[in-house]
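Side chains included, hydrogens not; waters and symmetry mates left out as well; all remaining heavy atoms used. Along the sequence shown, residues carry numbers from 1.
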Amino acid sequence: MLKTITARHFELSDEMKSKAEAEIEGLKRFFNNIISAELILDSEKHRKKAELKVRVYNQTLAATADTDDIYSSIDAVVEKIKGQLKKYKGKLKDKRPEQIASVVEQLTKPATDDEDIE
């Protein structure tokens, strides 16, 4: 899974980055085939905002959360995405899993082939 964390209007500390990465990694418990996740953290005066976009097979899930603390914003936005992932996973049970696996493999495959590397 490709993870991108961006901070706007403030410096991203190592502690904050590690917490955000751990929360994003925790999403794999709810859905294995996550292609990428993008977390945008924003600070405006006393308001802290977190926006999370998760790309899965054939769709992008998005959620935002505003609180007074950046850590609670991260927790809230991850909880919203967990609910969306559960609902999406339930809808996918009707589709063919081998088709989903092939598309995920194609999107996450590196640009270089193993045979070209000596």
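Remark: Arg47 CZ to Asp69 CG distance equals 15.0 Å, nearest 0.5 Å. Put simply, OG on Ser73 and NZ on Lys49 are 10.5 Å apart, with the number rounded to the nearest 0.5 Å. Interatomic distance, NZ of Lys3 versus CD of Glu23, reported as 12.0 Å (0.5 Å rounding). With values rounded to the nearest 0.5 angstrom, Phe31 atom CZ is found 7.5 Å from Lys89 atom NZ. The line from CD of Glu21 to CG of Asp14 is 10.0 Å long, rounded to the nearest 0.5 Å.
Annotation for Lys17: atom NZ does not count as buried by contact number, only 12 or fewer foreign heavy atoms lying within 6.0 Å. Other residues, nucleotides and ligands contribute more than 12 heavy atoms inside 6.0 Å of the NZ atom of Lys19.
Smallest separation of non-hydrogen atoms from Lys80 and Thr64: NZ-O, 2.6 Å.
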Met1 vs Glu25, test: side-chain contact (heavy atoms from CB on, under 4.5 Å). Steps then yes/no. CA-CA 9 Å; Met1 168 175 35; Glu25 277 295 320; 4.1 Å; yes

Please lay out, stage by stage, how Ile5 and Ile40 fare under the test side-chain contact (heavy atoms from CB on, under 4.5 Å). CA-CA 6 Å; Ile5 300 172; Ile40 300 169; over 6 Å; no

Under the criterion side-chain contact (heavy atoms from CB on, under 4.5 Å), I'd like the reasoning laid out for Glu44 against Phe10: C-alpha separation, chi angles, the key distance, then a yes or no. CA-CA 9 Å; Glu44 297 176 1; Phe10 71 100; over 6 Å; no

side-chain contact (heavy atoms from CB on, under 4.5 Å), that's the test. Do Ile34 and Leu27 meet it? Break it down for me. CA-CA 8 Å; Ile34 296 174; Leu27 293 175; 3.8 Å; yes

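With no hydrogens or angles considered, a side-chain donor-acceptor pair links Ser43 and Lys48 at under 3.5 Å. Between His9 and Asp42, the side chains place a donor N or O and an acceptor N or O closer than 3.5 Å (distance only, hydrogens not considered).
We find that Arg55 and Glu38 are not joined by a salt bridge, their nearest charged nitrogen and carboxylate oxygen being 4.0 Å or further apart.
Considering only heavy atoms from C-beta on, Val56 comes within 4.5 Å of Leu85 through its side chain. Residues Glu51 and Leu39 fail the side-chain proximity criterion, which asks for heavy atoms closer than 4.5 Å. Using a 4.5 Å heavy-atom cutoff, the side chains of Glu15 and Tyr71 are in contact. The shortest distance between side-chain heavy atoms of Leu41 and Leu12 falls below 4.5 Å.
Placement of Leu2 and Ile24 in two distinct hydrophobic clusters is found when ILVMFWY residues are connected by side-chain heavy-atom separations under 4.5 Å, directly or transitively.
Checking Ile81, Ile35, Thr60 one by one against Val54, the side chain to side chain contact (heavy atoms under 4.5 Å, CB included) holds for a single residue, Ile81.
Looking at Gln84, its side chain does come within 3.5 Å of a backbone N or O of Ala62 through a donor-acceptor pair.
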